[in-house]
Amino acid sequence: MPSPAAAIDARGVSKVFRGDGSADLKALDDVSVTIRENEFFTLLGPSGCGKTTLLRLIAGFEFPTEGTIRLYDQDIALLPPYLRPVNTVFQSYALFPHMTVGQNIGFGLEMQDKPKREVAARVDEMLRLVRMEDLKDRLTSQISGGQQQRVALARALAPAPKVLLLDEPLSALDLKLRKEMQIELKRLQTETGITFVFVTHDQEEALTMSDRIAVMSKGRILQVGTPRDIYDHPEQRFVADFIGEANLMTGEIAATTADVAQVRLVSGAAISATLPAEARPTGKVTVMVRPEHAEIVASTASATLTGTLESTVYFGTDTHFNVRLADGTAFVVRRQNDRKEGRQLDPGTPVGVLLAERAAQVLRD
Amino acid sequence: MSKAQDIIKAAERRDLRSRWLLSAPSLLIIFVAAIGPLAVVVLYSFMVKGDYGDVKYWQFSGEGWFSVLFERGLFDDSISLADAHLSILWRSVKISIITTIVTLIIGFPTAYFIATRPPNRRDLWLFLITIPFWTNLLIRTFAIQEVFRNEGVLNTALIRTGLLEKPLQIMFTDGAILLGIAYVYLPLMVLPLYASLEKFDFRLAEAASDLYAKPGRVLRRIILPMVKPGLIAGSILVFIPSLGAYVTPRVLGGGKHLMLGNLIELQFGQGRNWPLGSALSISLTAIVMLSLLVYVRASSKSGARSHG
Amino acid sequence: MARQFSVRHQRGFTTIALICFFLLYLPIATLVVYAFNAGSTVGTWEGFSLRWFEAAWENTRIIDATLRSLTIAPIAALIATAAATMAALATTRTAPYPGLTFKYAFINQPLMVPEIVTAVALLVVFSQVKVWTGYSGLGYLIMAHAAFCIPFAYLPIRARLETMDLTLERAAADLYARPWRVFRRVTLPLMWPGILAGFMLAFVVSLDDVVITEFVKSAGQDTLPTYMLGQLRRAVTPEMNAISTVFLALSVAVVSLFFFLSRKKT
């Protein structure tokens, strides 16, 4: 039984696209996910990972080959889109070019045969919400990209859907506008209290806006969690790699206590690392450390890891130290630059690396 | 989840059915007023000729096809080549080929001229090419006739200037037909040539002239090979309607210089030989279809090359 | 002074092109100019006059033929456009399905077969049908015109549809529009310019047709082009120039409108 607070509950969903005789494409492979009411939920993954397919299945533009999709307690997997109280903000916006901004926003309510006055009032309310009151009678071809984006949002929100689906809606905007819209989207979600399901391949966008993120790859969901969870404690190699930068080292689990394992690395060093919540690996494992969760020191004596400094790269806000560990593994340490100039370390000098508390994470492959 | 599969299958079947229903009116009209009658003509070409035109139904014979190329003696059964038909066939092919060459020679520089105008003025030049094309073919033929006639503009002008003493007989000659057809179908040559030339990247011509090629060689070695699909398309688009021309040879040829189209008409009119007319029709259609096939092959090949 | 080098310049091309344009318009210009000639021969200008337009206007056979042309063309174009619109909807924006190539071939067939062949084929079949049914009205001409107009109407409509992806229709469905309303409110308004262009093309093509009309028409069913074809056999009077000029003006107007509309949309 899905809990009553689940807005979308997908169980065992697969989607196979029939190829031209040759190979069928399995876009989704046995995906199960629960999206809670009122949350900003993001599907994150590289192109072709199935995130847009999952969104289109929820919207009703495609039908699952297998599995069920429930919206609250109604099975919607096979309903046509016009019978689902779910609206979409399209990547291309898909604004009707032959209608004005106002007509676009009112379209959904009109199709639900709402009284004219109610439609008009709702359109005005929506225009206020997205701060576009002045452009009501413009054609959609006469407004800027950012404005089109707002109209697309207003149009999808106007019928007050139970869930709003957003298909990479910010990808067409330039960087500055994208940042603005990220804040705007978050505000709209909080103000309307509608569940947002957001699809993106941009990890930064996902981390800044989401309540929870599902990382997808090759038609599967690899990990679901809060942005912090996902970033600090990725459970799989793909997740660690796809989001942020990661130092990967191999080793063997020597002992486990609760959710922490003692790992003996190939280089000989012993470190403690957090274990994944489920399907805990044993024996040979890969351990991940984020570059900014490590610190570089001149002395090798008390350091967790030791190696040789190969190069230093200055990035403005921070500096990267490329270290070659004793066993030959490459390891990057990132240090934020502050006012005082730190001690210069010359390439070729032996250095030590200290790890922060719970910095190391054991990965599943 | 076979239920989901069933629903998807049912939706696909519905989509396919509605697509057939939507195409039905077009298919029906074209069947009734084009393809169906054409099939009847195929059938007629194998039947025995009726006495007053028409055919003797369901009496089959190869005579219609036989007489496309051969004729029997009046009094004996001697068989000889049908010279009249062959000369008309030859004239049709000859006129069509020369027309194609003439329009190519005039059309290529014209298309090149349009393609090298500044982009904002190309549309205007193109428009000037298309306008005559969309005006009635009969009117254009009539206009040409006004120029060619003995008391027409050309002869009047030549006599006035003293270049000629008495009018030059242009009308009712193969030359008149040829020039008339070339005039009428010239836009069909220019348009595809322009489409190819417009896409030509003149940086390639720059590269060639940088490598010491003079303009003539740039044209021959770089531009012409690159616009070959356009050359083929234009040539076939002119060749096909020329071969099947009916109105222009009828008006400018004056009933003596027949082309295939007129020969076909003759069999259904005075000639009263429907099986022969049908066989000739099918032959003409076959030649046209073959040319079209060459055209499709050529254009799909060029398409494949642009992808590779 | 040496000409400044341009890689686009080919010797003689501009001259040939300009001669080509001149030759293209010379006959038409002659035809139009002599429509206003007071005299009755082409080649000798005897002053400006509208007498040939008046003569044409008073010739009942010309008026009759014109009216017939203007009856057949809009009806045939309307039928062809409606049929072609449906066919375009059925043959675009889909994965290839069994029968799709067949439909393309069928719809474009009138373009591929020489007109004279279709004309004699229709003569053979329709003359027989006329005998069987006893009906010999304009229906045959309208039917024949509709058939060869379909591919012309189909081309711009199909082109228009292919530039429209399905996202807008999906968006409408997402906003609770049922299939018929999606069509009425989104698909149809968006494909309208294509339909209009298709109709105009079909109209011009029907108006211009000589060959098929000549063979399908029953006695006394001359359209303007077939009337003119009949006249061309005799010694022509400038009356023909006058009709042609009016006809030309009409075609140019329709084509210019088409050109303008299609340019505005791209």
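Keep in mind it's a predicted model, so treat the numbers as computed, not measured. Reminder, nothing fancy here: chain letters follow the sequence lines and each chain counts from 1.
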### Message
Let's test your reading of the structure: which of C:Ser244, C:Ala83, C:Ala29, C:Pro27 forms the most heavy-atom pairs below 4.5 Å with chain B?
### Response
C:Pro27
### Query
Top residue by heavy-atom pair count (under 4.5 Å) with chain C, among B:Phe202, B:Trp274, B:Tyr44?
B:Phe202
### Message
Centre-to-centre under 6.0 Å for C:Tyr34 and C:Trp52, is that the case here?
### Response
no
### Query
For C:Val204, is it the side chain, the backbone, both or neither that has a heavy atom under 4.5 Å from a heavy atom of chain B?
side chain
### Task
Heavy-atom distances under 4.5 Å only: say whether B:Leu27 touches chain C with side chain, backbone, both or neither.
both
### Task
Check for a donor-acceptor pair, side chain of B:Tyr112 on one end and backbone N or O of C:Ala17 on the other, with a separation under 3.5 Å.
no
### Query
Do C:His9 and B:Thr116 have side-chain atoms, one donor and one acceptor, less than 3.5 Å apart?
no
### Residue among C:Tyr140, C:Phe215, C:Trp132 satisfying ring pair (Phe, Tyr, Trp, His ring centres under 6.0 Å) with C:Phe126
C:Tyr140
### Interface moiety of B:Glu12 toward chain C, non-hydrogen atoms closer than 4.5 Å
neither
### Task
Kindly say whether the aromatic ring centers of B:Tyr194 and B:Trp125 come within a distance under 6.0 Å.
no
### Query
So which of C:Val124, C:Val125, C:Val113 has the largest heavy-atom pair count under 4.5 angstrom toward chain B?
C:Val124
### Task
Examine C:Phe21 together with C:Tyr25 and report whether their ring centres are nearer than 6.0 Å.
no
### Summary
Under 4.5 Å to a heavy atom of chain B? For C:Thr85 that would be neither
### Task
Under 4.5 Å, counting heavy-atom pairs only, tell me which of B:Ile240, B:Asn155, B:Ile129 racks up the most with chain C.
B:Ile129
### Task
Identify the residue among C:Tyr154, C:Tyr104, C:Tyr97 that makes a side-chain hydrogen bond (donor to acceptor under 3.5 Å, both in side chains) with C:Thr91.
C:Tyr154
### Query
Take atom CZ in B:Arg217; do more than 12 heavy atoms of anything else shown fall under 6.0 Å from it?
no
### Query
So what's closer than 4.5 Å to chain C heavy atoms on B:Ile106: side chain, backbone, both or neither?
both
### Message
At a 4.5 Å cut-off on heavy atoms, which part of B:Leu38 comes close to chain C: side chain, backbone, both, or neither?
### Response
both
#### Entry: Most contacts with chain B, counted as non-hydrogen pairs under 4.5 angstrom, among C:Leu122, C:Val32, C:Leu100, C:Ile79
C:Leu122
### Query
B:Val32 versus chain C, heavy atoms under 4.5 Å apart: side chain, backbone, both or neither?
both
### Query
Picking from C:Leu26, C:Asn241, C:Leu123, which has the most non-hydrogen pairs under 4.5 angstrom with chain B?
C:Asn241
## Note on the structure
Assert top hit (heavy-atom pairs under 4.5 Å, partner chain B, pool C:Arg8, C:His145, C:Glu115) equals C:Arg8
